Amino acid sequence: MKGIWKYKELLQSVSEDYQIALGEGNTPLVKSRQIGKILGLENLYFKLENLNPSGSYKDRFAAMAVAYAQEQGKNAILATSSGNTGAALAAYSAAANMKCIICLVDGAPFGKVQQMGVYGAELLMIKDFGINDHCTVEVMNTLNELADKHDCSLEISAYKFSPNGMEGVQTIAFEIADELEQVNQVFVPAGGGGLYLSIVRGFAKWKNKVNKAVSPTLFCVQPKGNDTIASVLLGDQLVPKAIANSTTKISGLQVSSLLDVDAILEESKSTACDAALVEDKDVFECQKMLAQLEGIYCEPAGAVALAGVKEALAVGKIKATDHIVCIVTGNGFKDQQALSRIYTEADCLYVDQTLNTKEEIIRKIEK
Ligand SMILES: *Cc1c(COP(=O)(O)O)cnc(C)c1O
């Protein structure tokens with residue numbers, strides 16, 4: 001069985017006619033070769049969700065969401081996205097021959113927008129949408145109204161809006177639980193918290209239905225500039241609050257409104273949940289470390305989990321022998337602008353072949 005459908009017994013049923021598999025899921029779980037040693041962690045793993053077909057774990061969501069929309073005979077997919085949800089939905093909609101209309105978060109990186117356009121989706125970039133809470137609420141109301149009236153499937157990668165699609169994301173937890181005998185902590189980046197909630201629910205479901213149970217502590221990692229969940233989980237703040245303006249520069253995690261936080265707090269009563277807050281600059285440093293010390297090419301959001309591991313280590317929440325998994329959520333190709341923090345055209349050496357190529361190569365060998 002292909003893709004997320006390998007676990008169809010653990011998911012709500014969808015007719016086989018609508019199950020599209022483009023290579024999503026079954027992503028590698030690789031053991032750290034160098035970063036673990038540097039941090040003094042013996043069993044650090046990376047779950048490579050960047051290797052999904054459209055470049056992020058959102059393909060697991062889209063595979064499920066588009067399958068449902070087809071089965072329900074919906075007219076079109078109507079979605080909101082800062083990039084990766086849109087790219088994933090655009091890809092699976094293309095395969096399903098469904099129309100896909102996407103309202104973009106203001107400032108979504110053009111590479112992500114372009115990917116959606118290339119897959120043939122119809123796009124609207126809306127000023128202040130996703131950045132300003134008031135504007136976001138208004139646009140959401142409009143979308144709800146239109147989806148109802150025109151029988152479209154409204155897809156937003158959060159349980160609050162698209163519980164069916166989010167089921168597909170639980171397969172990340174199934175795959176980890178299936179593969180590792182022991183897992184002590186899983187670190188998960190969070191914007192609106194849908195991914196984190198899926199992983200919490202996925203492990204809970206696995207424990208209920210499958211004998212070989214693992215119940216790791218699940219860390220919700222947020223950038224300080226978008227702390228809508230972490231401080232509440234940490235007990236530093238009593239109730240979740242939407243933030244007026246998200247200040248993190250990490251694409252995909254700028255979710256100022258409250259999406260799945262209430263459901264997360266409910267689950268945290270029965271699951272071991274914890275959190276970490278990280279600085280953007282540490283995340284960018286982790287992105288570079290993943291590329292240069294592990295050969296893992298991810299976008300900044302994909303490096304947030306590792307920054308969370310460093311933070312948890314600093315405050316004594318993990319031990320050297322713990323089995324730790326970081327979810328690397330999205331591909332480096334997604335965000336060209338972010339890559340310029342690591343390498344620009346000016347870093348490349350331009351030489352004249354006849355005069356100094358040989359000399360420069362020797363200099364690099366000896367460096
Ligand atoms: C969507 C996304 C996230 C966060 O997901 P939420 O459900 O909003 O918390 C993290 N990383 C990447 C690459 C994403 O695309």
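Atoms within a ligand are numbered from 1 in the order they appear, just like the ligands themselves. From a predicted model like this one, the values you see are computed outputs, not experimental measurements.
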Query - Residue part near ligand 1, for Asn84, under 4.0 Å between non-hydrogen atoms - result: side chain

Requested in this report: Sort and list the pairs that fulfil salt bridge (Lys or Arg N to Asp or Glu O under 4.0 Å) and have at least one residue in residues 317-328, not counting sequence neighbours.
Outcome: Asp274-Lys317, Lys319-Asp322

Report task. Would you mind telling me if ligand 1 is within reach of the side chain of Lys334, the backbone, both or neither, using heavy atoms under 4.0 Å? Result -> neither

Query raised in the report: Which residue and non-hydrogen atom of the protein lie closest to atom 1 (C) of ligand 1, and at what distance in Å?
Result: Lys58 NZ, 1.4 Å

Query raised in the report: Among protein heavy atoms, which lies nearest atom 8 (O) of ligand 1, and at what distance?
Result: Gly192 N, 2.9 Å

Query raised in the report: Is Lys112 paired with Glu299 through a side-chain N to carboxylate O contact shorter than 4.0 Å?
Result: yes

Query raised in the report: Does ligand 1 have any atom sitting under 4.0 Å from a heavy atom of Ala190?
Result: yes

Query raised in the report: How far is atom 11 (N) of ligand 1 from its nearest protein heavy atom, and which residue and atom is that?
Result: Thr329 OG1, 2.7 Å

Query raised in the report: Does a donor on one side chain and an acceptor on the other come within less than 3.5 Å for Ser246 and Asn226?
Result: yes

**Report entry** Cationic N near anionic O, under 4.0 Å, Lys205 to Glu167
**Finding:** yes

**Report entry** Test: Arg363 and Glu360 ion pair at under 4.0 Å
**Finding:** yes

Report summary line: Taking only non-hydrogen atoms of Gly194 and a 4.0 Å limit, the atoms of ligand 1 in range are 6 (P), 7 (O), 9 (O)

Report summary line: Atoms of ligand 1 under 4.0 Å from any heavy atom of Gly191, numbered from 1 in the order shown, are 4 (C), 6 (P), 8 (O), 9 (O)

Query raised in the report: For ligand 1, which atoms sit closer than 4.0 Å to a heavy atom of Gly330?
Result: 13 (C)

Requested in this report: Could you list the atoms of ligand 1 found under 4.0 angstrom from a heavy atom of Gly193?
Outcome: 6 (P), 7 (O), 8 (O), 9 (O)

Query - Partner of Gln70 under side chain to side chain contact (heavy atoms under 4.5 Å, CB included), chosen from Asp17, Val14, Ile20, Asn97 - result: Ile20

Query raised in the report: Any idea which part of Leu253 is under 4.0 Å from ligand 1, heavy-atom wise: side chain, backbone, both or neither?
Result: side chain

**Report entry** Side chains of Glu42 and Thr321, donor plus acceptor under 3.5 Å
**Finding:** no

Query - Note: Glu16-Lys8 ion pair, threshold 4.0 Å (strictly below) - result: no

Report task. Would you mind listing which atoms of ligand 1 come within a distance below 4.0 Å of any non-hydrogen atom of Glu299? Result -> 13 (C)

Query raised in the report: What atoms of ligand 1 come within less than 4.0 Å of a heavy atom belonging to Ala301?
Result: 11 (N), 12 (C), 13 (C)

Query - Common cluster, Leu259/Leu154, ILVMFWY with side-chain heavy-atom separation under 4.5 Å - result: yes

Report summary line: The answer for which part of Tyr57 has a heavy atom under 4.0 Å from ligand 1 is side chain

